[in-house]
Amino acid sequence: MKRILFPYVGDSVGGSHISSLTLARVLPARYEPVIAQHQDGPLTEYLAQFGMTAITAHDVAFLNTGPYRKQFLKAWRGVPKLARFLRDQRIDIVHTNDIRMHIIWGMAANRVGIPHIWHQRTPTTAKRLDKYTAHASKVLAVSEYCKEQFPPAMRKRARVLYNPFEIPEQTDRAAAKAALKRRLDLSPEKKIVGYIANLDTRKRPTLFVEIAKEMVASGRTDLQFIMLGEARSPHIDELNAAIEAGGLGNVVKHVGPHYPISPWIAGLDLLIAPAVKEAFGRTLVEAMLHSVPVVASDDAGHSEIIRHDETGVLVRPDECAAFAKAVGDLLADPDRVDRLTNHAYAHATQTFSAERHVTAMLEIYDSFD
């Protein structure tokens with residue numbers, strides 16, 4: 001049995017955690033996933049929902065893509081500790097999924113002489129990554145867009161592997177909508193438009209507020225806009241200020257992060273994904289798997305997931321009026337929604353299944369025999 005280490009910081013839960021832990025949960029019996037985290041935090045609670053626990057990893061300073069001389073002392077102190085951890089835990093393969101984990105755990109794996117998989121889930125153009133990834137056994141990217149951002153040597157070595165999704169049974173949309181409206185204490189006539197992402201500027205949370213404002217100004221009083229995701233200062237302060245300035249206190253609500261996310265997504269009438277420079281866009285696929293229509297920015301990884309007017313609607317990035325029109329047109333045309341969501345479900349199940357992802361990953365793991 002091979003022991004695969006998945007190390008995390010532990011201070012957050014995002015798409016990289018969800019995707020990599022989906023893989024860890026469904027590995028066949030000949031592989032044993034070992035979860036490690038450096039800090040207690042949101043990840044601890046997330047793992048508990050799946051009956052998973054993490055081993056506490058050593059407290060070390062994480063390396064970044066800054067100048068080498070500034071990284072030397074961190075590596076000198078931290079790498080021996082992590083190398084000892086790998087030996088003590090009898091780890092066979094290290095699979096990292098976060099820039100804070102890649103470099104220092106990769107150095108530790110190299111010291112111990114075991115394979116290291118560098119799974120890059122965010123776009124990066126940092127030139128030093130050519131050298132940092134030179135010792136990785138494999139370099140993976142979550143999309144063609146993500147791969148194309150890499151520096152030349154890293155890009156040449158990288159392979160694209162789309163994120164995994166466990167395929168749910170087709171959703172009872174009416175029941176899911178009714179349940180979410182009860183949860184939010186909304187009238188049956190309301191339609192729920194959602195945003196699901198952390199409140200990073202690149203995710204465009206305030207654009208979502210502007211879209212809501214535009215639609216309310218056009219006379220749409222039947223809509224409730226909800227936002228799910230991790231909120232940290234100063235982003236939550238900026239969001240609350242935008243909601244207040246737009247007079248949207250009863251129309252736009254940030255309800256924080258929620259896990260599992262499926263009941264929330266399944267209850268939406270429509271998902272707006274306004275982010276730019278997304279490596280992939282996990283919530284788009286989750287919406288597709290729950291037959292929820294998607295309006296997304298025509299940018300980066302989104303364009304690899306959504307086929308315009310076939311599996312969703314793509315809009316030029318940052319164009320509030322275009323987003324508002326696309327949302328209004330879809331909500332007014334249930335036949336079009338049915339056509340798009342049926343095609344989207346079929347495309348998502350064929351392209352992004354956990355089974356397909358695991359088959360590809362096992363080929364990589366097995367190549368280290």
Side-chain angles (χ1 to χ4, degrees), residues 15 18-19 22 121-123 140-149 158-171 173 191 193-197 202-204 207-208 211 261-262 265-266 268-357 359-360:
I18 295 169
S19 295
T22 297
R121 299 179 181 274
T122 55
L140 302 178
V142 295
S143 66
E144 292 292 343
Y145 166 76
C146 186
K147 176 182 173 181
E148 287 305 309
Q149 307 309 302
R159 171 184 173 180
V160 173
L161 185 59
Y162 288 134
N163 288 334
F165 294 81
E166 295 178 274
I167 308 302
E169 296 181 4
Q170 286 201 291
T171 307
R173 299 275 286 117
K191 294 182 182 295
V193 178
Y195 165 103
I196 302 175
R202 184 178 55 76
K203 306 283 189 179
R204 298 297 195 261
L207 177 60
F208 181 79
I211 296 166
I261 196 67
S262 290
I265 293 179
L268 298 177
D269 289 277
L270 185 142
L271 176 74
I272 297 178
V276 296
K277 298 182 180 179
E278 282 283 81
F280 185 69
R282 184 174 183 86
T283 54
L284 277 67
V285 179
E286 292 174 322
M288 294 162 73
L289 290 171
H290 287 290
S291 298
V292 174
V294 177
V295 176
S297 57
D298 188 3
D299 186 69
H302 286 179
S303 305
E304 294 181 47
I305 298 171
I306 298 291
R307 299 172 180 171
H308 178 64
D309 208 30
E310 181 180 342
T311 60
V313 176
L314 294 172
V315 176
R316 285 176 63 88
D318 293 325
E319 293 198 0
C320 177
F323 267 100
K325 184 178 187 306
V327 172
D329 289 349
L330 264 184
L331 291 177
D333 192 344
D335 290 339
R336 186 181 177 211
V337 167
D338 287 343
R339 173 176 63 82
L340 292 179
T341 55
N342 287 338
H343 288 166
Y345 180 83
H347 175 61
T349 55
Q350 293 168 11
T351 309
F352 305 115
S353 70
E355 181 180 5
R356 183 170 180 169
H357 180 91
T359 298

Original post:
R173 and P293: which non-hydrogen atoms are nearest, and at how many Å?
Top reply: NH2-CD, 4.0 Å

Original post:
Taking only residues two or more places apart in sequence, or in another chain, which ones meet R159 in a side-chain hydrogen bond (donor to acceptor under 3.5 Å, both in side chains)?
Top reply: none

**OP:** Give a yes or no on whether the backbone of K277 and the side-chain of D299 come within a donor-acceptor separation of less than 3.5 Å.
**Re:** yes

**OP:** Check for a donor-acceptor pair, side chain of S353 on one end and backbone N or O of Q350 on the other, with a separation under 3.5 Å.
**Re:** no

Subject >> Heavy-atom closest contact (T122 atom, C146 atom, distance) >> reply: O-SG, 3.6 Å

Subject >> Partner set under ring-ring contact (aromatic ring centres under 6.0 Å, His included) for F352, not counting sequence neighbours >> reply: Y162, F280, H347

Original post:
Do side-chain atoms of R204 reach the backbone of A275 as a donor and acceptor pair under 3.5 angstrom?
Top reply: no

Original post:
Does the side chain of V292 come within less than 4.5 Å of E286's, by heavy atoms?
Top reply: no

Original post:
Between the side chain of E304 and the main-chain N/O of Y145, is any donor-acceptor distance below 3.5 Å?
Top reply: yes

Subject >> Test item: R121 side-chain N/O and V142 main-chain N/O as donor-acceptor pair under 3.5 Å >> reply: no

Original post:
For D338, which residues count as a side-chain hydrogen bond (donor to acceptor under 3.5 Å, both in side chains) partner, sequence neighbours excluded?
Top reply: none

Original post:
Is any side-chain heavy atom of D269 less than 4.5 Å from a side-chain heavy atom of V193?
Top reply: no

